[in-house]
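A short worksheet on the structure shown next.
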Amino acid sequence: MRKVWVVSGVGAGVMLAFVVLLVVGTFSAAAGIAGQGGAGGRAVGLAKGAVPALYQPIVQKWGNLCPAINPALLAAQLYQESGFDPKVVSPAKAQGIAQFIPGTWATHGIDGDGDGDRDVWDPKDAIPSAASYDCELAGYVKKAPGDPTDNMLAAYNAGAYAVIKYGGVPPYKETKNYVKIIRSLEQSFARPVGRVAPSRQAATAINYAQQKLGTPYLWGGNGTPDQQGRFDCSGLTQAAYRTVDIELPRVANDQYNAGPHPSRDELLPGDLVFFSDDLTNSRKIRHVGIYVGGGYMINAPFTGAVIRFDKIDTDDYFGATRVTADGAKALPTARPEA
């Protein structure tokens, strides 16, 4: 159970007025930051804990294998394929953390760790093989017009011939969607350079969560009538962003990947804030709240408590996500089964 700091000695009316000011201030803050250059810069590394610590050095190293890829892009592919689970098998028999089909592995798998074998189940081989395969595809389509990374991803999905034939990303709905998904996920794995662009939907999401203050917590609660409108932590954040037509995953650790990650001193109202006992691995996140400013969040904490204001600065604070519509849409809805 996470440590919590209950807001005490603060009148409900005062705190609600504080939130109203913050909600209004969200838009002025957004305008101010937008005037400073928006998201700023390209990624030079991985966001804190976004890749499990065991795999982060491999992703960081092999994500720089060629100009068409980067560590955040490689991480996005691995997350989309397997959720960083090295034991999964898809219905199409794709295997391991990088989801290689046996025939593709036989041709493109490499001995990434130099131990004398090529093991699709070993991330030390599979992750380098994924990077190597990406770079091979980038080489096949390097003369095609357009963005080299988009073309590489399109070749991964539709084949290099289709990219060459159409002079870039082919007009296939599935391929165009795949490229968009990976490029959107890339932003959630990248360590931002400069400020993260502000959210325009945050005020409405906060307003929804604010209306639920005082509601009793319910494990697994989604706020449905049969649950008397009660929520757990990720059920509340999901419902709040649903009011602005953003569909978040149900689980807190997947919600972490729904957008880029502002630093602690760049938090704005509406950011999701996350908590974990393992500060090196986003897959271990177990709690989420909605930041409202001033170091506080709206929080559905645990059984026996009510939705309330809590401080975010605790030992288990993991980080934050600024939710975007594209980021949420890019998240996998289902995983291959082990």
Under a 3.5 Å cutoff, is there a donor and acceptor pairing between the side chains of H287 and D316? no

Separation between CD1 (I58) and CG (L78), nearest 0.5 Å, reads 10.0 Å

Surrounding NZ of K48 (heavy atoms of other residues, nucleotides or ligands, distance under 6.0 Å), is the total greater than 12? yes

According to the interplanar angle, ranging from 0 to 90°, do the rings of Y256 and H261 count as parallel (below 30°), tilted (30 to 60°) or perpendicular (above 60°)? parallel

Using modelled atom types and a 3.5 Å cut-off, is there a donor and acceptor pairing between side-chain atoms of S82 and backbone atoms of I97? yes

Which atom of A202 lies closest to which atom of G270, heavy atoms considered: CB-CA, 3.7 Å

Just wondering, do L153 and L73 contact through their side chains at under 4.5 Å, heavy atoms? yes

Under 3.5 Å donor-acceptor, D310 side chain and N299 backbone: no

Minimal non-hydrogen separation, V163 against A144, with atom names: CG1-CB, 4.0 Å

What residues, two or more places apart in sequence or in another chain, satisfy side chain to side chain donor-acceptor pair (under 3.5 Å) together with Q211? none

Any chance the rings of F275 and F318 have centres within less than 6.0 Å? no

Counting distance only, does the side-chain N/O of Y291 pair as donor-acceptor with the main-chain N or O of G294 below 3.5 Å? yes

Cation-pi, Y178 ring and K180 (6.0 angstrom, 45 degrees): no

Do NZ/NE/NH1/NH2 and the carboxylate oxygens of D147 and R183 come within less than 4.0 Å? yes

Separation between OG of S234 and CG of L248, rounded to the nearest 0.5 Å: 9.5 Å

Please give me the minimum heavy-atom distance between I246 and A328, naming the atom from each residue. CG2-CB, 3.6 Å

Distance in Å, I69 CD1 paired with T149 OG1, rounded so as to fall on 0.5 Å steps: 8.5 Å

Could you tell me whether the side chain of N151 and the main chain of P145 form a donor-acceptor pair under 3.5 Å? yes

Taking atom types as modelled and ignoring hydrogens, do the side chains of E186 and N70 form a donor-acceptor contact shorter than 3.5 angstrom? yes

Are M297 and F309 close enough that some pair of their side-chain heavy atoms sits under 4.5 Å apart? no

Can you establish whether the number of heavy atoms outside W121 located under 6.0 Å from its atom CH2 is more than 12? yes

Go through I298 and Q210 one step at a time and tell me if the side-chain contact (heavy atoms from CB on, under 4.5 Å) criterion holds. CA-CA 7 Å; I298 296 178; Q210 177 185 328; 4.2 Å; yes

Is a side-chain donor or acceptor of E81 paired with a backbone partner of A94 at a separation under 3.5 angstrom? no

Less than 4.0 angstrom from a charged side-chain N to a carboxylate O is my criterion; do D232 and R250 meet it? yes

Any donor-acceptor pair under 3.5 Å from D113 side chain to K124 backbone: no

Establish whether I290 and L218 are linked, either directly or via other cluster members, by ILVMFWY side-chain heavy-atom contacts under 4.5 Å. no

Take T215 and K212 through the test side-chain contact (heavy atoms from CB on, under 4.5 Å) and record every step on the way to the result. CA-CA 6 Å; T215 303; K212 305 304 176 183; 4.1 Å; yes

Consider only side-chain heavy atoms of I, L, V, M, F, W and Y, link residues closer than 4.5 Å, and tell whether L236 and V306 are in one cluster. no

To the nearest 0.5 Å, atom CG of D125 lies from atom CG of D115 at 5.5 Å

For a quick test of reading the model, state the closest non-hydrogen atom pair linking P71 to V59 and the distance between them. O-CG1, 3.4 Å

Please check: side-chain N/O of D271 versus main-chain N/O of L268, any donor-acceptor pairing under 3.5 Å? yes

Do Y133 and T104 have side chains that approach each other closer than 4.5 Å (heavy atoms only, starting at C-beta)? yes

Could you walk me through whether L272 and V323 pass side-chain contact (heavy atoms from CB on, under 4.5 Å), step by step? CA-CA 7 Å; L272 298 186; V323 174; 3.7 Å; yes

Test item: side-chain donor near acceptor, S276 and R286, under 3.5 Å: no

Partner of R283 by side-chain hydrogen bond (donor to acceptor under 3.5 Å, both in side chains), out of D278, D254, D85: D254

How about T280 and P52: do any of their side-chain heavy atoms sit closer than 4.5 Å? no

Output the distance between atom OG (S129) and atom CZ (F100), rounded to the nearest 0.5 Å. 5.0 Å

Could you tell me if N222 and T224 have a donor-acceptor pair between their side chains, going purely by distance under 3.5 Å? no

Would a distance-only check, ignoring hydrogens and angles, find a side-chain to backbone donor-acceptor pair under 3.5 Å from R230 to G221? no

Of all heavy-atom pairs linking A320 and F274, the shortest is CA-CD1, 4.2 Å

Is it true that Y172 and Y166 have ring centroids separated by less than 6.0 Å? yes

Under 3.5 Å, side chain of N64 to main-chain N/O of Q60, donor-acceptor pair present? yes

Using a strict 4.0 Å threshold on nitrogen-to-oxygen distance, state whether D313 and R264 make a salt bridge. yes

Looking at D277 and K284, is any side-chain nitrogen of the basic one under 4.0 Å from a carboxylate oxygen of the acidic one? no

Distance in Å, S184 OG paired with N257 CG, rounded so as to fall on 0.5 Å steps: 12.5 Å

I'd like to check E136 versus H108 (side-chain heavy atoms, cut-off strictly below 4.5 Å). Are they in contact? yes

Can you confirm whether Y79 sits close enough to L331 that some side-chain heavy atom of one is under 4.5 Å from a side-chain heavy atom of the other? yes

Tested for side-chain contact (heavy atoms from CB on, under 4.5 Å) against V273, the lone hit among V288, L267, T321, T237 is L267

Taking the side chain as every heavy atom from C-beta outward, state whether S132 and L65 have any pair of such atoms under 4.5 Å apart. yes

Please tell me whether F302 and Y217 form a close aromatic pair, meaning their ring centres lie under 6.0 Å apart. no

Does S282 use its side chain to pair, donor to acceptor, with the backbone of A50 at less than 3.5 Å? yes

So do Y241 and Q255 actually touch side chain to side chain, heavy atoms under 4.5 Å? no

Indicate the atoms forming the closest heavy-atom contact of A300 with I307, along with that distance. CB-CG1, 3.9 Å

